[in-house]
Amino acid sequence: MTDTKGVETAPALGLSLNAQFAAGRQIVFQTHVAQDVPTESLNKLLDTMNAVVDRAEAYYAQDQARKQLEVEEHAFANIQRRLSEVENNIELKATSEGRRNPKISAQDEVQRKQALDSVEESKKRIMVCRVHLEDLIKKAGNRDGSSSAANN
């Protein structure tokens, strides 16, 4: 049996990477490397650790992204309903006045324009949410490490 007491080891650098995710999840990577590790090797190790964190973060962020998409889709439905109400009100006013070529009031025109603008803005927000969710799904891949259909 060899006694290793008193044998000195080469100085090392300690590395820690702490990441927090949704729902209070947390992961900590801790390791050490030789003090004279080449920069390329250290960068590769850090890149690997950060890639794992990015993938896990994308996985856990999907629930929130799905909820945000659902909120935006509900808002879109409400905005469309409001546009329909505005247009119905304009039509009712036009038919109730009995004119052949009824004029739309300035107030009605403003309400209509605001509703149309809101519809377009809502469509853009939904598209941004969908793209974000697709990116998260692609980035997260499959939890077992195999490539997902989105990664092919």
Side-chain angles (χ1 to χ4, degrees), residues 1-92 104 106-152:
M1 190 155 109
T2 307
D3 186 9
T4 58
K5 188 174 182 182
V7 175
E8 291 187 31
T9 58
L13 297 173
L15 298 174
S16 292
L17 177 65
N18 182 3
Q20 293 183 341
F21 307 111
R25 291 181 173 98
Q26 181 177 5
I27 188 170
V28 178
F29 292 106
Q30 293 182 330
T31 189
H32 67 277
V33 294
Q35 194 173 27
D36 58 352
V37 65
T39 303
E40 302 82 35
S41 297
L42 186 56
N43 284 333
K44 185 175 180 181
L45 177 62
L46 291 172
D47 289 345
T48 300
M49 290 169 34
N50 279 308
V52 169
V53 168
D54 290 346
R55 182 173 167 267
E57 185 176 45
Y59 176 79
Y60 291 119
Q62 289 179 44
D63 283 343
Q64 182 62 34
R66 283 185 180 94
K67 289 175 186 173
Q68 185 62 39
L69 176 57
E70 186 177 331
V71 166
E72 294 297 342
E73 288 172 340
H74 284 293
F76 179 69
N78 289 336
I79 291 168
Q80 283 185 310
R81 199 171 311 125
R82 174 66 183 140
L83 174 60
S84 178
E85 289 172 4
V86 168
E87 289 179 341
N88 285 341
N89 289 342
I90 291 171
E91 189 176 322
L92 283 173
I104 299 174
Q107 181 182 6
D108 289 339
E109 191 60 43
V110 166
Q111 286 181 349
R112 183 180 200 198
K113 173 142 179 33
Q114 287 174 339
L116 287 170
D117 289 347
S118 295
V119 165
E120 291 306 311
E121 184 61 31
S122 185
K123 285 179 184 178
K124 289 177 189 175
R125 286 194 310 268
I126 288 173
M127 185 56 64
V128 167
C129 286
R130 285 187 179 148
V131 167
H132 178 63
L133 179 57
E134 289 171 12
D135 288 345
L136 290 173
I137 291 169
K138 183 177 179 181
K139 192 174 194 178
N142 290 332
R143 297 296 291 169
D144 64 1
S146 63
S147 64
S148 66
N151 291 337
N152 292 337

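In the displayed structure, Glu91 atom CD is contacted under 6.0 Å by at most 12 heavy atoms of other residues, nucleotides or ligands.
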Does the pair Glu73 and Arg130 meet the rule for a side chain to side chain contact (heavy atoms under 4.5 Å, CB included), with working shown?
CA-CA 10 Å; Glu73 288 172 340; Arg130 285 187 179 148; 3.0 Å; yes

Under the criterion side chain to side chain contact (heavy atoms under 4.5 Å, CB included), I'd like the reasoning laid out for Asp135 against Val131: C-alpha separation, chi angles, the key distance, then a yes or no.
CA-CA 6 Å; Asp135 288 345; Val131 167; 3.9 Å; yes

Side chain to side chain contact (heavy atoms under 4.5 Å, CB included) evaluation trace for Asp54 with Glu57
CA-CA 5 Å; Asp54 290 346; Glu57 185 176 45; 4.2 Å; yes

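Using a 4.0 Å cut-off between a side-chain N of Lys or Arg and a carboxylate O of Asp or Glu, Lys67 and Glu70 do not qualify as a salt bridge.
Remark: the Gln68 side chain and the Glu72 side chain contain an N/O donor-acceptor pair separated by less than 3.5 Å.
Annotation for Ala75 and Ser122: closest pair C-OG, 4.4 Å, computed over non-hydrogen atoms. Smallest separation of non-hydrogen atoms from Ala19 and Val53: CB-CG1, 3.5 Å. Residues Asn18 and Gln26 come closest through the heavy atom pair OD1-NE2, 3.0 Å. The minimum heavy-atom distance between Ala56 and Phe21, with the atom names listed, is CB-CZ, 3.7 Å. In this structure, Leu133 and Ala65 approach most closely via the heavy-atom pair CD1-CB, 3.9 Å. Nearest approach of Ile137 to Gln62, heavy atoms of both residues: CG1-OE1, 3.5 Å.
Taking CD of Gln111 as the reference point, atom CD of Glu109 lies at 10.5 Å (rounded to 0.5 Å). His74 contributes atom NE2, which lies 9.5 Å from atom CG of Leu69 (distance to the nearest 0.5 angstrom).
Counting heavy atoms from C-beta on, the side chains of Arg112 and Ile104 come closer than 4.5 Å. Contact annotation: the side chain of Leu15 approaches that of Leu42 to within less than 4.5 Å [non-hydrogen atoms, C-beta and beyond]. Side-chain contact between Leu17 and Asn50 is present, with heavy atoms from C-beta onward closer than 4.5 Å.
Side-chain atoms of Ser118 come within 3.5 Å of backbone atoms of Gln114 as a donor-acceptor pair (strictly under, hydrogens ignored).
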